[in-house]
Each structure stands twice: as C-alpha cells, then as structure tokens.
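Working notes, beginning with the structure itself.
The first residue of the sequence shown is numbered 1, and numbering continues consecutively from there. Side chains are part of it too, since the values below use all heavy atoms of this structure and drop only hydrogens, waters and symmetry mates. Counting convention: from 1, in listed order, for ligands and their atoms alike.
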Amino acid sequence: MAEPLIRMQNIRKSYGRVQALVDANFHVNEKEIVGLLGDNGAGKSTLIKVLSGAVPLTSGDIFIRGKKVNLRSTSDAIAHGIETIYQDSALVTQLSIARNLF
Ligand SMILES: Nc1ncnc2c1ncn2[C@@H]1O[C@H](COP(=O)(O)OP(=O)(O)OP(=O)(O)O)[C@@H](O)[C@H]1O
Ligand SMILES: [Mg+2]
C-alpha cells in the first residue's frame, strides 16, 4: 500500500513539565479528509501546531509521502503544502465566510 500523504510518528511535545503530546501517531492519506476529535486539553491544537511548524516537537518523526521532513518553521510547512486556518480569534463576524477565508 502507498505511503500516507502525511504521517506523524511517536510525536512528543513537552511544555516544561506539561506533556502535551506523548507518542501521538496520526496519518492522512491522499484525497482523505480527517476530523481530529478529543477532550479539552487532549493535544489537538498542539498536534496541528507541530504539523504546521508553529511549535517545535520534542521528539518524533514527520513523513510526507514517506520522506522524513524537518518542519522548523511555518515557512517550512507551507513549502510542503501545509497551512493552518485558525479558529474564531482571527474571524470578523460582520464579514461573510468567503471574505473571512480571503
Ligand atoms: N504554550 C503552552 N504552554 C504550556 N502548556 C501548554 C501550552 N499549550 C498547550 N499546553 C498544554 O498542553 C495540553 C494540550 O493542549 P492543547 O491546546 O493542544 O489541547 P486541545 O486538544 O487543543 O484542547 P482544546 O479542545 O481546549 O482546544 C494541555 O494540557 C495544555 O494546557
Ligand atoms: Mg485546541
């Protein structure tokens, strides 16, 4: 079977003594839409921040189409086609969804 489009393997992220992610594994295949669900504080945002290069991982590996990548910045992630649209803090409620996306 083909390698997933994105594979995150044994991802750990610590903020000092807080372990936000411990051995998290996640993958997305080509042409697949994935919803990430979990309790408050489960680590969803942290996982996405790691994938989008916004925060450095403590340990673990990220592969894109089977090739290991080192996402040190959001620019690195964007260069691999990974971008994040953040939730409400960046939205203007008076504008349409389309304008907000723009
Ligand atoms: N910058 C930070 N400094 C210290 N601890 C953090 C930081 N960011 C997140 N954490 C901690 O890491 C853990 C995971 O947080 P995260 O925000 O990833 O969870 P979440 O699944 O997105 O939660 P929510 O559903 O509330 O958005 C929590 O214990 C949180 O308090
Ligand atoms: Mg969150």
Between the main-chain N or O of L36 and the side-chain N or O of K44, is there a donor-acceptor pair closer than 3.5 Å?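 It does not hold such a pair.
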
Under the 3.5 angstrom rule, does the side chain of N25 hit a backbone N or O of N10 as a donor-acceptor pair?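 Yes; judged by distance alone, with no hydrogens or angles, the pair exists.
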
Search all heavy atoms of Q9 against all heavy atoms of F63 and return the closest pair with its distance.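 So the minimum-distance heavy-atom pair works out to OE1-CE1, 4.0 Å.
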
For L21 versus G43, what's the shortest heavy-atom pair and its separation?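 So the minimum-distance heavy-atom pair works out to CD2-O, 3.5 Å.
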
Got a second to check how far H80's NE2 is from L5's CG, nearest 0.5 Å?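 The CG atom of L5 is 11.0 Å from NE2 of H80, to the nearest 0.5 Å.
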
Rounded to the nearest 0.5 Å, how far does CZ of F26 lie from CE of M8?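 Rounded to the nearest 0.5 Å, the CE-CZ separation comes out at 7.5 Å.
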
Do any nitrogen or oxygen atoms of A42 lie less than 3.5 angstrom from nitrogen or oxygen atoms of ligand 1?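 By distance alone, the answer is yes.
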
So, regarding G41 and ligand 1 (criterion: nitrogen or oxygen to nitrogen or oxygen, under 3.5 Å), is there a contact or not?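 So ligand 1 has an N or O lying under 3.5 Å from an N or O of G41.
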
If the cut-off is 4.0 Å to any non-hydrogen atom of D39, which atoms of ligand 1 fall inside it?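 Every atom of ligand 1 under 4.0 Å from some heavy atom of D39: 21 (O), 25 (O).
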
I need the nearest protein heavy-atom contact for [atom]: residue, atom name and distance, please.
atom	answer
atom 31 (O) of ligand 1	V18 CG1, 4.9 Å
atom 12 (O) of ligand 1	A20 CB, 3.3 Å
atom 26 (O) of ligand 1	N40 ND2, 3.3 Å
atom 27 (O) of ligand 1	S45 OG, 3.9 Å
atom 16 (P) of ligand 1	T46 OG1, 3.6 Å
atom 25 (O) of ligand 1	K44 NZ, 2.7 Å
atom 8 (N) of ligand 1	Y15 CE1, 3.4 Å

Exercise answer: donor-acceptor pairs, residues 50-60 side-chain atoms, under 3.5 Å, sequence neighbours excluded:
from : atom 1 : to  : atom 2 : distance (Å)
S52  : OG     : I48 : O      : 2.8
S52  : OG     : K49 : O      : 3.4
S52  : OG     : T84 : OG1    : 3.2
T58  : OG1    : S14 : N      : 2.9

Is there a heavy atom in G43 that sits closer than 4.0 Å to ligand 1?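 Yes, G43 has a heavy atom closer than 4.0 Å to ligand 1.
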
Is the closest heavy atom of L21 to ligand 1 under 4.0 Å?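 Under 4.0 Å: no for L21.
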
Consider side chain to side chain contact (heavy atoms under 4.5 Å, CB included). Of I82, D61, I64, D76, which one does V69 pass it with?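 Option passing the side chain to side chain contact (heavy atoms under 4.5 Å, CB included) with V69: I64.
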
Can you confirm whether [X] is buried at [atom1], in the sense that more than 12 heavy atoms of other residues, nucleotides or ligands lie under 6.0 Å from that atom?
X	atom1	answer
E32	CD	yes
L101	CG	yes
F102	CZ	no

For the Mg ion (ligand 2), how many protein N, O or S atoms come closer than 2.8 Å?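 Number of qualifying protein atoms: 1.
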
Does H27 reach the side chain of I6, with side-chain heavy atoms less than 4.5 Å apart?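 Not in contact.
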
